[in-house]
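Working notes, structure below.
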Amino acid sequence: MSTRTFGEPIKRNEDRRLLTGQALFIDDLELPGMLHAALLRSQVAHARILKVDVSKALQRPGVVAAYAAGDLGDYWQPGPILVPPPPIEGTIFNARTQVPLAKDKVRHVGEPLAIVIAESRYIAEDALEDIELELEQLPAVVDLEKGLREGSALVHEDLGSNLSAHVRQTKGNYAAAAAKADHLIKRRFRYEHGISSPIETRGVVAQWDARANQMTIWDTTQAPVFVRNGLAGILGLNERQVRVIAPFVGGGFGPKIMMFYPEEVLLPWVSMKLNRPIKWIEDRLEHFFATTHERGQIHDAEIALSKDGRILGIRDVFLHDGGAYDPYGLTVPINSQCTLLGPYVVPNYDSTFTQVFTNLPIVTPYRGAGRQHGVFVMERLLDFAAHELNIDPAEIRRRNLIPPDAFPYNNGIIYQDFGVLEYDSGNYEPVLDLALDAIGYKTFRDEQAAARLQGRHLGIGVAAYVEGTGIGPYEGAKVQVQSNGKVSVATGIGTQGQGHFTVFAQIAADQLGVAVGDVDVVTGDTDQFYWGAGTFASRGAVVAGNAVNEASKVVRKKALKLASDLFECSEDDLVVENGRVSIVGIPEKFVKLGDLANRANPMRGAVQPGTEPGLESTQYFGPKMGATANGVHAMIVEMDPQTFDLKILKYVVVHDCGTVINPMILAGQIHGGVAQGIGNAFYEKLAFDDQGQLLNASLADYLLPTALEVPRMELAHTVTKSPLNPMGIKGAGEAGAIPGGPLFAQAIEDALDLKARGVELLEIPLSPSRLFELTRSAKG
Ligand code: MCN
């Protein structure tokens, strides 16, 4: 085919619209008669609600409506459990989900208590002041360990404790392995709370059209079909009556897949009541409280090793901060539990976690979704093991890698409801070797010594990980050749910046012999594609990508059949390229794809039974299980031992995500992920006081890395095709963000010679001020 674009760094189809300001984001919507919503949010983390009276707010000019929980009637319902716990014996799970407006108690700062609808957002915000609110403040549960103690305040009193979930998974027999081990290394690790910070905060516009009996919702969601289905149910409509559109979305990173945020539930209901369109756009302050969080965990982990540095087993007992509600079941801590084992052979594993309800915002998956915590624990344990056994840190990793002939490799731990996690394919040692070569591992110690003579403190870090990607259940795609010869592709997933408009076009373009620019991709509109799950867990490329491929193949076949009928020749004698089907060797004998599309949609005669009109096809792809990608990151830093200012001198990523569709987009994905990983490891920490108040709820205080802090990265790929999908793809969207924590800890410890000074870095994030505290009383 002349348009072989698969695997090429094609520039993004969507960028013209984005860069010229033509892309529609939710706040760009201005509908006739549109009203604006503002929410009254709790300013305390835990309180009994004595009174919420909106009547004075209603008197303010410009206010159209105001509601508290009691006004919602039967519509007031707790949200669904989005991911039911997997079938693990002995699991305890106490489901408690959020309600649209708090009724009896508030359970975290920012929880909505009332909604005001007004002619402008300004008026709505002012009217919040008019609402009479009486709260009886209660002690807040903020500390995970204290929260589990007898006598603690209770987030959900009816439960009698703050236990959200308790899960133990084992493989082999850790106690027996530990009894035989030459070395046992035990540490306590801490991972602090963080928040995703997309450029575009959340937003919802709801428009009820009473004449058409139709609800349209524009939503920054990552999962438009799920939102449509769920909202149709609670609004008492059928799915066809609800259209959800996720237009251009400025970053999602996981929290935008949460369902259902109170605003998502409230706005459609109010719009139906008032028969007017309503807009709500989250402001940055709200984002800190009203969008879900991630990351709080404490691990007590132990590794058992033989004297030559082989892992005999790991035991890990950890606490996971679930926040005030647990709609995502066990998703995040199970990811930590599974992913901890990484690319290593760990014959014995005993892992227990307790998910704790606290008076903090809800915790849901955020890019990496618990994987970075597990990787932090494993990689740190290996560093301490390397130190104690006097083995090079890279070498101890190499000795424990899963060998290439062990795939498919059974990780032994149940992962969500798909059963035990199986790594489909991989070849881990070349990935480590490439990373070590690229970072200059062999020569680094000389470089470090030379720098030290000049008073410069350099350190190196190397961390490996696996990334579960491409999970089901399925996605579909409709591929359609239009009569002008252009191709349209529609899928049910949403896009938040991942480049789907280009990569899906590349896939279809290759099959149909057209230019990538002639393929128009639509995502995130339930009227364009009816079924699907959404964009999360690095599944877009694997699941939707393969659906696009399957549908394109069928369309190609249809085009060949139509042309062979036309030319009265065999399909084998035809070639599809440059937007035409022609006879091999006789290029002047051709028919344009657009003309074939017209022939497939005849205006006269009859369509034969079993023949679909139109040069189009809708196909679905559902993988048997997730595809496991893997990688190694390596980094050299320079640290000022006085100020703890950190410069990343070199950052290397070697990654295997199977077949690569678009290396440029993939590089962008890795760069963005690494930037988030750097933020998580060194800058970003949500600081709560003991009453659950967030002390740094602004981007001036919650530090995100800027372009100045994010280094140039060297990127290399190895390719081990996934056997689980015809294109051999594995996902890549979270890879960059996963190993930042151990990389920083290792490199900083090395730069400041901290192990020799009796200081170990056991927590994330490591900010300059925290490093100052940790090293204040260090030796040397
Ligand atoms: N890709 C590729 N070849 C591969 C794998 C992926 O060319 N072998 C390309 C894909 O075609 C796609 C992109 O890389 O254009 C990411 O693909 P994939 O790994 O399938 O991830 P998803 O499309 O499912 O996106 C979700 C993933 C996740 S889970 C988070 S979180 C995340 C991420 O993507 N959120 C993002 N990347 C993000 N990027 C932006 N700009 N904004 C977000 O919110």
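As the structure lists them, so they are numbered: ligands from 1, and atoms in each ligand from 1. Numbers here simply count residues along the sequence, with the first being 1. What you see is a predicted model; the values in this text were computed from it and never measured.
Listed by number with element, the atoms of ligand 1 under 4.0 angstrom from any heavy atom of A541 are 5 (C), 6 (C), 10 (C), 11 (O), 20 (O). Remark: ligand 1 atoms within the under-4.0 Å shell around heavy atoms of Q496 are 40 (C), 41 (N), 42 (N), 43 (C), 44 (O). For ligand 1 and V503, the ligand atoms under 4.0 Å from any heavy atom of the residue are 11 (O), 15 (O). Ligand-side atoms of ligand 1 in range of K730: 4 (C), 5 (C), 8 (N), range being under 4.0 angstrom from any heavy atom.
Residue contact annotation: A537 has a non-hydrogen atom under 4.0 Å from ligand 1. Heavy-atom distances between G658 and ligand 1 stay at or above 4.0 Å for every pair. For the ligand labelled ligand 1, residue G251 lies inside the 4.0 Å heavy-atom shell. Look at T469 and you'll find every heavy atom at least 4.0 Å from all atoms of ligand 1.
Taking only nitrogen or oxygen atoms, main chain and side chain alike, A732 reaches within less than 3.5 Å of ligand 1. At least one N/O-N/O distance between N662 and ligand 1 falls below 3.5 Å. When only interatomic distances are considered, the shortest N/O to N/O separation between R539 and ligand 1 falls below 3.5 Å.
Between E467 and S538, the side chains place a donor N or O and an acceptor N or O closer than 3.5 Å (distance only, hydrogens not considered). E200 and T220 share no side-chain donor-acceptor pair at under 3.5 Å. When only modelled atom types and interatomic distance are considered, T339 and Y415 share no side-chain donor-acceptor pair under 3.5 Å.
In summary, of the residues considered (Q372, E294, Q676), a side chain to side chain donor-acceptor pair (under 3.5 Å) with Y366 occurs for Q676 alone. Each of H373, H299, H320 was evaluated against Y191; a single residue qualifies, H373, per the ring pair (Phe, Tyr, Trp, His ring centres under 6.0 Å) test.
Looking at F536 against ligand 1, only its backbone comes within 4.0 Å, counting heavy atoms. For Q669, every heavy-atom contact with ligand 1 shorter than 4.0 Å involves the side chain, none the backbone.
Ion pairing of R17 with E14 is absent here, as no side-chain N (NZ or NE/NH1/NH2) approaches a carboxylate O to less than 4.0 Å. A salt bridge does not link D219 to K256: none of the charged nitrogens lies less than 4.0 Å from a carboxylate oxygen.
When the heavy-atom distances from atom 25 (O) of ligand 1 to E200, Q498, Q506, K721 are ranked, the shortest goes to Q498. Of the listed options I493, D656, I665, I665 places a heavy atom closest to atom 9 (C) of ligand 1. Residue I661 holds the heavy atom nearest to atom 2 (C) of ligand 1 of all those in I661, I729, I199.
With hydrogens and angles ignored, the 3.5 Å screen pairs no side-chain donor or acceptor of H108 with any backbone N or O of A290.
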